[in-house]
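Okay, structure first, notes after.
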Amino acid sequence: QCRRSLATSTDPTAKVPSMTTWTRKSPCGQASCHRIRASAPTKAADPDIAGERIDFQSESMACEEEVVDTNGLRGTRDRAIERQRAGIRRIGGQLNLQPTAVEMALLLPWCLGAVASGTTFALAETLPERYVMVGRDDSTDGKVFVYNGCKIDKMSVRATQGGPLTLTLDVVGKDETVSNAGTGGSFPALVLDTTTKPFMLHDCVLIVNGVTVNVPDVDIELNNFIDRERFYNSQTLTAVNPTDRQVTFNVRVPYGDAEALYNAGPTGVAVTATFTNGAVSCLFTLPAMSFGRRSPQAAGRGEVMLPIMG
């Protein structure tokens with residue numbers, strides 16, 4: 001059977017691949033036989049540790065290793081393969097999901113930093129590391145790829161009218177281990193969360209500066225500004241450090257309904273976006289968003305929209 005899912009883990013003793021002398025780039029994409037697992041670091045001796053396996057839409061996790069050519073001038077146009085060396089390895093990619101409330105509860109601490117306090121997920125100065133295991137296989141043929149030291153560089157929450165809330169995670173990691181299917185660590189049994197469902201845009205109540213607005217789409221992004229160049233005297237990142245933090249917010253509101261919001265936010269206003277589906281909800285609170293003045297424009301016979309970007 002072909003399955004899709006995602007899971008995470010945190011084993012600090014995972015094996016690292018041996019150095020090679022050629023360029024390599026991991027396969028990725030939307031293969032029909034495809035699994036991902038993510039888990040937090042533990043004291044386990046191998047990647048086959050407790051983790052969560054979650055439904056996902058696509059992934060692009062990959063290792064890209066550079067080749068350094070040291071060939072110089074030698075009286076010939078030929079180049080000697082013996083003068084090429086393996087360079088640094090960059091680990092990263094995107095995970096695209098349409099999560100339920102239960103899956104959001106697993107992923108938000110990884111993105112924001114703080115351990116959940118009840119049902120509240122707060123920002124923190126440090127970010128947790130997790131392992132991401134991708135099974136590009138059908139449990140018999142193919143390979144299992146394990147990425148260690150993974151942190152979230154960017155988290156994007158987007159929803160468009162008629163569609164679900166989509167979570168896109170930009171991941172930066174340290175290294176990659178590749179094993180044959182069935183030997184590189186097992187995946188938890190695929191048990192989909194059936195107690196909650198993914199959120200839709202029509203589940204959202206959006207309030208900007210005390211004004212409830214209707215929008216055709218909403219975009220909230222958190223950027224942790226991971227330092228992607230901290231290699232020093234190592235082929236892999238010596239640390240995955242966040243260096244800054246910025247939250248951006250981008251919507252379009254009908255100008256006739258929300259004229260009061262024009263030029264309302266240079267000094268910072270509160271924004272809340274509440275997605276409610278039955279008995280569960282997900283509330284994003286942005287207490288002080290600063291909006292520069294942006295004029296509404298008539299692009300044609302359609303409704304005049306006011307852009308709000310902060």
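Owing to the predicted nature of the structure, the values given are computational and were not obtained by experimental measurement.
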Arg294: which residues meet the side chain to side chain donor-acceptor pair (under 3.5 Å) condition with it, sequence neighbours left out? none

Less than 3.5 Å apart, which donor and acceptor atoms pair up between the side chains of residues 206-216 and the rest of the protein, not counting sequence neighbours?
none

Results of salt bridge (Lys or Arg N to Asp or Glu O under 4.0 Å) for Arg79 - residues two or more places apart only: Asp69

Under 3.5 Å, sequence neighbours excluded: what are the donor-acceptor pairs made by side chains of residues 196-205?
| residue | atom | partner | partner atom | Å |
| --- | --- | --- | --- | --- |
| Thr196 | OG1 | Thr100 | OG1 | 3.4 |
| Thr196 | OG1 | Asp193 | OD2 | 2.4 |
| Asp203 | OD2 | Met200 | N | 2.7 |

Listed by chain and number, what are the side chain to side chain donor-acceptor pair (under 3.5 Å) partners of Asp257, not counting sequence neighbours? none

Share the residues that join Met305 in a hydrophobic cluster, the rule being Ile, Leu, Val, Met, Phe, Trp or Tyr side chains under 4.5 Å apart at the heavy-atom level. none

Should side-chain heavy atoms under 4.5 Å link Ile, Leu, Val, Met, Phe, Trp and Tyr, which residues sit in the same cluster as Leu127? Ile88, Val172, Ile226, Phe231, Leu237, Val240

Which residue pairs satisfy the salt bridge (Lys or Arg N to Asp or Glu O under 4.0 Å) criterion with at least one member in residues 149-169, sequence neighbours excluded? Asp153-Arg228, Arg158-Asp219, Arg158-Glu221

So, Arg83 and Asn71: side-chain donor and acceptor under 3.5 Å apart, yes or no? no

Going by the rule salt bridge (Lys or Arg N to Asp or Glu O under 4.0 Å), which residues pair with Asp227 if we only count those two or more places apart in sequence or in a different chain? none

So, using salt bridge (Lys or Arg N to Asp or Glu O under 4.0 Å) as the criterion, who are the partners of Glu303 when residues are at least two apart? none

Contacts of type side chain to side chain donor-acceptor pair (under 3.5 Å), residue Arg301, not counting sequence neighbours: none

Applying salt bridge (Lys or Arg N to Asp or Glu O under 4.0 Å), name anything that partners Arg252, two or more places apart in sequence or on another chain. Asp217

